[in-house]
2 protein chains.
Amino acid sequence: MSSSRSTGARVPLGREIAEDLRRRIVAGEFAPGSRLPSEAELCSQYRVSRVTVRTAAKALESQGLVDIRHGSGMFVVDFGGQIRSGLQELRSITETIEELGLNAKVRRVALTRRQADENERTRLDLTSDDAEVVAVHREILADDQVVAVSIDSIPASLVPASEDAGLGNGSVFAVLDRIGLTPVRALAEIHAVRGNDVPIAEGHVADELLILLDQVHYDRSGDPVAYSKTYFVEGRFQFVILRTR
Amino acid sequence: MSSSRSTGARVPLGREIAEDLRRRIVAGEFAPGSRLPSEAELCSQYRVSRVTVRTAAKALESQGLVDIRHGSGMFVVDFGGQIRSGLQELRSITETIEELGLNAKVRRVALTRRQADENERTRLDLTSDDAEVVAVHREILADDQVVAVSIDSIPASLVPASEDAGLGNGSVFAVLDRIGLTPVRALAEIHAVRGNDVPIAEGHVADELLILLDQVHYDRSGDPVAYSKTYFVEGRFQFVILRTR
DNA sequence: AATTGATCAGTTGTCCTACAACCTGAGGCT
DNA sequence: AGCCTCAGGTTGTAGGACAACTGATCAATT
């Protein structure tokens with residue numbers, strides 16, 4: 001069971017600093033390959049202890065953004081390209097598109113409350129046979145070109161009917177957030193599929209190849225809060241993963 | 001430029017403990033959803049300071065393996081399934097297959113030294129026009145079924161001819177390691193392709209759909225050390241990514 | 001009886017100081 | 001040139017302390 005508390009959710013200092021450092025890095029304040037200020041200096045910049053700075057640094061390191069070298073410093077990882085945001089980080093697709101410098105739009109195709117199918121019941125861990133979901137069918141556009149179509153299913157019991165309206169328009173994340181169910185983890189499967197085999201595609205991708213991102217989102221307490229199938233048109237979206245050791 | 005030192009590469013304590021904890025978790029010593037020993041207890045188990053334990057814990061957290069909750073403890077993340085190893089972690093394919101409980105084999109199809117094509121020159125950051133690569137073409141089998149075919153290209157200047165023999169047989173990683181060029185990061189693109197369009201497939205995947213993992217591996221100093229294209233047959237390999245915030 | 005509120009022990013978050021291990025560059029030496 | 005030593009800066013680890021948070025217990029109130 002999940003507590004639907006508003007989760008005062010104070011953000012730990014370490015995470016806050018990590019996010020700020022990340023922002024500064026992607027903003028270009030530190031060039032790729034260059035050295036960041038030493039831990040001691042960051043301490044005085046942020047007025048926190050070294051422990052906290054190190055917490056943030058470690059987080060950035062495991063995101064693959066920086067490289068920490070014993071005895072010499074912390075360096076911004078330098079890839080030829082300037083890709084900073086990979087699939088391993090959980091963020092909305094529109095967010096990712098925007099960060100690539102494109103204009104992201106979302107068009108709601110349909111929104112229904114209906115009985116969950118077997119797949120949805122399994123993925124969302126719904127026990128009762130007549131459990132319902134709110135299903136949102138959308139198209140995602142980058143610079144006015146359709147790059148993906150998606151179906152997001154959320155257990156109906158989690159969504160007050162008053163929120164239905166908001167679901168199609170903005171980001172699903174925003175609505176979940178408002179309800180107090182922020183997804184913090186997602187387990188995604190990747191598949192290759194033919195356009196013809198996609199039931200929700202409206203003709204315009206019939207002969208295309210698609211990449212299917214089949215994922216379940218979980219909140220902090222480990223409960224599944226959303227199940228999405230997102231079909232990306234091959235070639236129109238850069239699908240990048242940063243793999244680290 | 002990279003120093004090709006043998007990289008004494010002492011493993012930091014924190015990482016060592018993180019790896020051991022990971023091993024214990026996947027081995028089932030701690031059930032999904034259950035609480036791990038407190039930091040204090042882990043300190044005495046491993047005879048290290050709390051700083052080190054926390055370093056390890058944070059690493060596991062950002063790998064998505066555990067969830068650390070302020071005031072209450074560290075918990076093994078509980079997914080319905082028992083998937084523990086996602087694509088976001090850099091490990092060899094054979095390793096991943098083995099961890100799934102399958103029998104992994106590799107069959108070398110060809111190994112050549114040849115001039116790098118333009119794509120390889122770009123990805124591997126080779127400046128001279130007549131730069132050479134060692135190209136290894138292999139098939140990866142899980143339980144005696146072909147799940148992927150791959151081409152790995154390594155700048156010829158990095159590989160002494162004496163190592164060529166080892167390249168096809170075992171893991172490419174092992175050979176790179178021996179040369180002193182351990183990949184610690186990889187930037188991977190994902191594409192969907194048709195079997196017919198894969199030049200190296202030998203007929204047996206003509207009508208299949210494939211997932212192409214197109215990736216460059218980098219060593220610790222940021223130099224590219226290998227470029228691989230791996231074609232996974234759709235449906236025969238579980239392609240999972242754990243996305244975290 | 002049920003709810004509320006205070007208290008307490010246990011756990012993670014942050015701070016401080018100190019030292020070990022490591023890397024880099026400067027300078028002196030051959 | 002190359003090699004060595006050394007000093008200074010940087011990250012890794014240690015130990016102790018307190019703050020902030022969680023979950024449970026239990027008394028007080030309704």
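Letters A, B, ... mirror the listed sequences (proteins, then strands); counts begin at 1.
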- prompt: Is it true that the NZ or CZ of B:R24 lies under 6.0 Å from the centre of B:F30's six-membered ring and within 45 degrees of the ring axis?
  reply: no

message: Once you apply a heavy-atom cut-off of 4.0 Å, does B:S49 come out as touching a base, just sugar-phosphate, or nothing?
response: base

query: Base, sugar-phosphate, or nothing: which does A:R15 touch, judged by heavy atoms less than 4.0 Å apart?
result: nothing

[X] [atom1] to [N] [atom2]: how many Å, rounded?
X	N	atom1	atom2	value
A:D67	C:dC23	CG	P	13 Å
B:E39	C:dT14	CD	P	11 Å
B:F75	D:dC21	CZ	P	17 Å
B:E16	D:dG12	CD	P	15 Å
B:I68	D:dT22	CD1	P	15 Å
A:R69	C:dT24	CZ	P	8 Å

query: Do A:S92 and A:T94 have a side chain donor and acceptor closer than 3.5 Å?
result: yes

Under 4.0 Å between a side-chain nitrogen and a carboxylate oxygen: does that hold for [X] and [Y]?
X	Y	answer
B:R15	B:E19	yes
B:R123	B:D214	yes
B:K229	B:E189	no
A:R54	A:E39	yes
A:R22	A:E89	yes

task: Give a yes/no on whether any side-chain N or O of B:R54 is located under 4.0 angstrom from OP1 or OP2 of C:dT12.
output: no

D:dG12 phosphate, OP1 or OP2, under 4.0 Å from B:T52 side-chain N/O: no

- line: 5'-most contact on DNA chain C (nearest-nucleotide basis), A:T55 vs B:R35, goes to B:R35

message: Heavy-atom nearest nucleotide on DNA chain C for B:M74 versus A:R47: which residue maps closer to 5'?
response: B:M74

- request: With the side chain of A:K58 defined as its heavy atoms from C-beta on, choose the nearest nucleotide among D:dG12, C:dT11, C:dC15.
  value: D:dG12

Under 3.5 Å, which N/O atoms of the protein pair with N/O atoms of nucleotides 17-21 of chain C?
unit_1 : atom_1 : unit_2 : atom_2 : d
C:dA21 : O3'    : B:R10  : NH1    : 3.4
C:dA21 : N3     : A:H70  : NE2    : 3.0

